[in-house]
Amino acid sequence: MTDALRFVDITEDQLEAVIRIRSRSFGPLAASAREEWIKDAIEFIQDGRYVGVMAGDELAAAARIWDFKQWWGGNQVPMAGIAGVVVSPEYRGRGVGSKLMRGVLQRSVDKGFPLSALYPATTVIYRHLGYEFGGGRYRFSFPAADLRTLGGKDVSIRRAGPEDAERILALVAQAHTAGRTSGMLAWPVAKVAEWLEDDENFAYLAEDGFVVYLWDDSDLRVDELVALSENTARALWATVGSGSSIARNVKAFISPSDPVHYLVEHEADKHTQIQRWMLRLLDAPAAIAARGFAPGASLEVDLELEDSELASNTGRWHLSVADGSGTLTPSTATGDALRLGARGLAALYAGTPLAALRGAGLASGGSTGSDGPVDTAFAGASPYMLDFF
Ligand SMILES: CC(C)(COP(=O)(O)OP(=O)(O)OC[C@H]1O[C@@H](n2cnc3c(N)ncnc32)[C@H](O)[C@@H]1OP(=O)(O)O)[C@@H](O)C(=O)NCCC(=O)NCCS
């Protein structure tokens with residue numbers, strides 16, 4: 001059945017077949033969402049980012065590749081976001097998904113992405129191909145009444161609209177550079193303007209911060225809040241909390257180390273949700289060169305990388321980190337080096353301590369004495385994402 005598998009670019013006339021496989025995988029596509037879905041799909045097709053697998057003359061699988069930028073250590077790094085991975089039920093469990101994902105990896109490399117990330121519905125297939133947990137999408141919940149009394153009444157805020165998109169992106173960039181943020185997606189200005197234009201989103205802007213929130217059934221939900229000072233954080237959260245006479249809880253997509261955790265008295269922990277996403281380095285030297293490292297860290301260490309899917313990453317490398325930047329160059333040194341596979345490298349890149357990677361069998365060799373400096377170089381706030389894709 002799977003003898004004649006071919007990796008292909010999806011064409012417009014195959015979109016009905018993709019929808020058929022998709023509805024068997026994720027549930028039916030609502031009739032009202034169909035037109036928008038096809039419009040989006042065509043954009044991916046036109047840029048060579050909608051791919052599939054044919055079994056003979058039938059489409060058996062499909063996946064799309066988002067052209068994203070992701071913050072790593074305060075720098076923006078191009079990232080291939082993999083989504084809509086679907087295999088038709090009658091072809092599952094026969095290697096079709098793996099063939100598809102191998103093609104996706106190669107296409108992402110060909111498009112010049114140093115990194116790839118995805119939200120796994122099942123981790124098995126992605127781990128086989130070198131993805132590992134990189135961070136989470138966290139949704140916390142606070143009693144609205146507690147936010148209401150956070151203060152900041154001297155801060156002036158006003159309603160924001162699409163014309164404020166540039167200003168909002170500048171505030172985001174300032175926050176993520178200063179916080180050396182990792183994980184967040186960076187959106188183009190047109191998308192931000194669209195988001196601010198939507199009447200269902202309530203956007204407010206202060207001199208050094210903004211919030212975008214909306215109704216979520218009978219609760220309120222913060223989709224993004226950036227504040228560059230304590231007073232503005234108080235003012236923006238209190239604005240959302242002012243809805244407490246109607247909304248009991250405020251759900252919030254934020255970092256696990258967001259200042260509000262330390263400002264607010266109670267956190268409704270039992271409502272916390274985490275969706276973990278996975279990361280993979282596609283081009284190890286380019287990924288290392290693009291991210292920011294801990295500013296005080298200084299590191300010279302050899303790595304022995306083994307990447308069974310992307311051979312160009314395999315080999316002995318020298319990792320050098322200084323002044324917040326890193327380089328990965330081929331090494332001719334001999335002797336024992338820190339050994340990592342693609343999964344270990346991805347988890348390390350995302351700041352996972354080497355002790356955890358050694359404990360999981362994802363790192364070995366080298367001298368454990370140099371684990372501390374390696375951890376320090378990659379350390380930073382927990383990688384988090386606000387968006388699901
Ligand atoms: C998940 C999916 C894409 C896998 O496709 P597939 O063609 O069955 O995958 P493969 O045959 O190449 O399997 C690759 C590996 O993943 C494992 N695997 C596949 N589906 C799995 C599942 N649901 N749970 C656990 N492991 C799974 C296989 O056992 C195999 O591992 P092994 O070699 O160690 O046995 C397919 O089942 C599917 O379309 N599911 C519904 C939609 C979905 O969940 N998509 C993923 C969105 S992130």
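Note that the structure is a prediction, hence the values are computed from the model and not measured.
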Whether Phe388 and Tyr119 hold their rings parallel, tilted or perpendicular, with breakpoints at 30° and 60°: tilted
Candidate pair Glu16 and Arg20, rule salt bridge (Lys or Arg N to Asp or Glu O under 4.0 Å), full reasoning: CA-CA 6 Å; Glu16 287 302 326; Arg20 194 181 60 237; over 6 Å; no
Distance in Å, Asn75 CG paired with Thr181 OG1, rounded so as to fall on 0.5 Å steps: 11.0 Å
Validation row: Trp317, Ser331 side chains within 4.5 angstrom (heavy atoms): no
Atom pair CD/CG of Glu230 and Leu150 - distance to nearest 0.5 Å: 9.5 Å
Check: Leu118 main-chain N/O paired with Tyr126 side-chain donor or acceptor under 3.5 Å: no
Donor-acceptor contact below 3.5 Å, side chain Asp283 vs main chain Gly112: no
Non-hydrogen side-chain atoms of Thr352 and Glu132 separated by less than 4.5 Å: no
Salt bridge flag under 4.0 Å for residues Glu43 and Lys39: no
Reported OH-to-CZ distance for the pair Tyr204 and Arg159, which is rounded to 0.5 angstrom: 6.0 Å
Check ion pair Asp67-Lys111 (N to O, under 4.0 angstrom): no
Side chain proximity check, Leu105 to Arg102, heavy atoms < 4.5 angstrom: no
Gln275, CD: over 12 other non-hydrogen atoms inside 6.0 angstrom: yes
Which residues share a side chain to side chain contact (heavy atoms under 4.5 Å, CB included) with Ala173, sequence neighbours left out: Trp71
Main-chain N/O of Arg280 paired to Ser116 side chain as donor or acceptor, under 3.5 Å: no
Residue pair Ser23 / Leu29: nearest heavy atoms and the distance that separates them: CB-N, 4.5 Å
Lys/Arg-Asp/Glu bridge criterion (N-O < 4.0 Å) met for Lys251, Asp217: no
Side-chain donor/acceptor of Asp336 to backbone N/O of Gly366, under 3.5 Å: yes
Glu300, CD atom: more than 12 neighbouring heavy atoms under 6.0 Å: yes
Spacing of Leu236 atom CG and Phe210 atom CZ [to the nearest 0.5 Å]: 9.5 Å
NZ or CZ of Arg221 within 45° of Phe253 ring axis and under 6.0 Å: no
Leu171 versus Glu207, closest heavy-atom pair with distance: CD2-O, 4.2 Å
Asp223/Trp195 under side chain to side chain donor-acceptor pair (under 3.5 Å): CA gap, chis, key distance, verdict: CA-CA 11 Å; Asp223 277 353; Trp195 182 51; 4.6 Å; no
Over 12 non-hydrogen atoms of neighbours within 6.0 angstrom of CG in Asp57: no
Neighbour count above 12 (heavy atom, 6.0 Å) for Asp154 CG: yes
Plane angle bin for Phe142 and His261 - parallel if under 30°, tilted between 30 and 60°, otherwise perpendicular: tilted
pair Gln174-Asp208: side-chain heavy atoms closer than 4.5 Å: no
Test item: Asp47 side-chain N/O and Arg49 main-chain N/O as donor-acceptor pair under 3.5 Å: no
Worked verdict on Ser255 versus Ser257 for side chain to side chain donor-acceptor pair (under 3.5 Å): CA-CA 5 Å; Ser255 155; Ser257 50; 3.1 Å; yes
Within the 6.0 Å centroid threshold, strictly below: Trp277 and Phe133: no
Flag, side chain of Asn201 to backbone of Leu214, donor-acceptor distance under 3.5 Å: no
is_close_aromatic(Phe293, Phe378), centroid dist under 6.0 Å: yes
Euclidean distance, Glu12 CD relative to Ile45 CD1, rounded to 0.5 Å: 5.5 Å
Inter-residue atom distance Leu225.CG - Trp237.CH2, 0.5 Å rounding: 5.0 Å
Side-chain donor/acceptor of Ser370 to backbone N/O of Ser367, under 3.5 Å: yes
Where Gly151 and Ala238 come nearest, the two heavy atoms and their spacing: O-CB, 3.7 Å
Under-4.0 Å salt bridge between Arg158 and Asp164: yes
More than 12 heavy atoms from other groups under 6.0 Å of CZ on Arg248: no
Audit row: Tyr50, Gln14, side chain to side chain donor-acceptor pair (under 3.5 Å) steps and yes/no: CA-CA 11 Å; Tyr50 215 145; Gln14 285 174 320; over 6 Å; no
Pair Thr11-Asp13, side chain to side chain donor-acceptor pair (under 3.5 Å): steps then yes or no: CA-CA 5 Å; Thr11 53; Asp13 58 2; 2.5 Å; yes
Side chain Arg343, main chain Leu362, donor-acceptor under 3.5 Å: no
Atom CD of Glu35 with >12 non-hydrogen neighbours under 6.0 angstrom: no
